[in-house]
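Proteins get letters first, then strands, A, B, ... in listed order; numbering begins at 1 in each.
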Amino acid sequence: MGTRDDYKFLTIKDAYSSINQKVNLIGIILEFGFPKRTRGTDYCCSLRIIDETHHQTGMSVNIFAENAERLPHVAAGGDIIQLSHVMVKKHGEEINAVFNKKYSSFALYKGEDGDDVDDVAPYQFSSKFLQRDEDKNFIVNLRKWLLSFELREDASDFPMLREIKEGHINLACKIVHCCEVAQDEWFIFVWDGTDTPSNVVCSKLEDEMSCPLPLQPERLPLPRELLCTFPTVGSILRITFDIGVDKNYLHLLPIGKWIKFVNMRLEVHAGLWFGVFTPFTKLRYTPNDDCLILECQRLYDQRISLELGRMPSSSLPLSTCTTEVNYDHVPYVTLMDVLTHSEVTAKFKCVARVVAALPREPEKLRSPFGTYRMRLTLEDPTMRIHAFVLAEDGETLFDGYPEIDNLTRKLNRLLGISDCDDSIGAKDGPRNPPWVPFCLKSYYIDKSDIWGCRYFRIFDTKIVEEA
DNA sequence: TTGGGG
């Protein structure tokens with residue numbers, strides 16, 4: 001047993017004025033990172049704890065151990081950590097606690113198990129940890145406080161997917177799926193009900209045959225059965241992992257749960273957004289009634305109750321000066337609705353952008369038989385798909401067989417290339433295609449495998465003449 | 001010792 005001081009826990013507020021002292025702390029884990037290797041020989045994880053004396057910023061704690069196993073394996077944000085003999089240190093303007101493997105100890109307790117005094121067994125503790133009866137009341141009191149505590153997040157700290165920018169940001173979103181797409185290549189799929197901003201596309205159209213613009217960030221398309229479990233409105237952001245991030249902790253991201261990510265890196269590749277979970281990314285305590293989550297759900301409910309709620313947010317109000325479609329009475333659907341539709345043959349009306357075309361040269365749009373035969377890559381906030389323009393559908397789209405100049409102009413308008421850009425160099429410059437309405441139909445070419453050979457084609461869509 | 005954040 002230690003000295004009398006061992007029985008005392010400092011509040012976080014008091015710890016702030018105990019610089020260079022060894023203290024005992026107990027707090028709720030507000031956020032935590034995955035274990036990572038230090039530049040020395042050890043492993044480290046940092047977490048942030050709060051208590052009723054300091055629930056806005058709390059205090060950051062850095063924990064070191066010889067290996068990742070000995071670090072705290074936090075089961076969930078909101079759990080309780082008891083820290084003994086940690087040193088309070090000042091780093092710049094920040095004050096934090098440092099766990100030293102030689103003299104510090106920790107124990108982890110569930111946070112939301114209720115206030116049963118008998119249920120205070122730690123689910124993990126370090127080698128130097130000694131459990132004492134006196135600790136139990138602290139655990140019970142913290143759990144009681146947590147029940148009544150309402151985490152006040154500043155919404156401006158957690159942009160929605162519709163507001164994201166490249167760089168480091170926080171995200172509050174729902175885990176839709178998590179899988180290993182290739183050997184040691186994991187993806188998390190997240191959603192918050194809004195549409196990610198569309199990006200300029202920089203691909204070389206001449207290379208579309210040999211190096212097609214990808215349809216999704218993951219290398220292979222996901223099976224349709226899986227896509228059918230995804231929401232069909234709102235973007236699904238793919239998150240990959242930086243090297244050095246331990247994938248053994250992915251169970252902390254269960255499908256269906258809303259979670260707040262802190263310090264996630266966001267990038268755009270081939271015009272597609274994706275997040276990168278870095279060694280500095282942390283998970284933040286996200287109760288089910290978190291104010292940010294409730295607001296996301298409210299905005300989504302409001303969105304899908306609107307008649308135009310399935311259209312890309314940034315396409316509204318929709319300009320109809322590029323294409324005209326039939327089916328005025330049919331509501332617009334998303335490309336994800338199209339991909340996950342229950343029937344293999346069906347007709348749809350969508351708003352999408354043409355991000356690539358094959359062939360690109362107008363003189364090659366017709367097959368040796370003289371009929372149209374081309375492939376467009378369509379994009380909306382939910383998905384990219386290939387859609388063919390064939391025979392009579394091409395005659396409708398381009399209004400018969402116009403001269404090459406006219407055909408070029410029409411195709412360029414779909415692709416977002418202005419006429420004055422029509423020099424060879426400018427064609428490869430960044431494109432920002434407009435949102436345009438399309439009629440799409442799905443069809444199959446092999447009766448023995450109708451889903452395996454399902455394709456999409458554009459029909460009843462006409463590029464309107466410029467005024 | 002190490003990291004602490006972008």
*asked:* Taking any heavy-atom pair under 4.0 Å as a contact, classify Lys282(A): base, sugar-phosphate, or nothing.
replied: sugar-phosphate
Among the nucleotides dG3(B), dT1(B), dG5(B), whichever has the atom closest to the side chain of Arg48(A) is dG5(B)
Separation of dG5(B) atom C1' from Glu31(A) atom CD, nearest Å, is 11 Å
Side-chain-base donor-acceptor pair under 3.5 Å for Lys101(A) and dT1(B) = yes
Checking dT1(B), dT2(B), dG5(B) against the side chain of Phe64(A) (C-beta onward), the nearest is dT2(B)
Whole-Å distance, Tyr103(A) OH to dT2(B) P, equals 13 Å
Taken to the nearest whole Å, NE2/His91(A) to C1'/dG4(B) is 4 Å
Asp157(A) CG to dG5(B) C1', in whole Å, measures 15 Å
May I ask you to say whether Arg360(A) pairs ionically with Glu208(A), meaning some side-chain N is under 4.0 Å from a carboxylate O?
-> no
Here the distance between atom C1' of dG3(B) and atom CD1 of Ile63(A), to the nearest Å, is 12 Å
* Does Arg224(A) make a cation-pi contact with Trp451(A), if we ask for NZ or CZ under 6.0 Å from the ring centre and within 45° of the axis? -> yes
Arg37(A) CZ to dG3(B) P, in whole Å, measures 12 Å
When Glu94(A) and Gly40(A) are each assigned the nearest nucleotide of DNA chain B, the 5'-most assignment goes to Gly40(A)
Check: Side chain of Asn96(A), base of dG4(B): donor and acceptor closer than 3.5 Å?
Finding: yes
Short side-chain N/O contact to dG3(B) OP1/OP2 from Arg39(A), under 4.0 Å | yes
Taken to the nearest whole Å, CG/Asn62(A) to P/dT1(B) is 13 Å
* Asked: Are Arg70(A) and Asp42(A) ion-paired here, with the side-chain N under 4.0 Å from a carboxylate O?
  -> no
Against the side chain of Lys102(A), the closest entry in dG4(B), dG3(B), dT1(B) is dT1(B)
With under 30° as parallel and over 60° as perpendicular, where do the rings of Phe149(A) and Trp145(A) fit, or are they tilted in between? parallel
Closest to the side chain of Lys36(A), out of dG3(B), dT1(B), dG4(B), is dG4(B)
Atom CE of Met87(A) and atom C1' of dG4(B) are separated, to the nearest Å, by 16 Å
Query raised in the report: Are the charged groups of Arg162(A) and Asp192(A) less than 4.0 angstrom apart, N to O?
Result: no
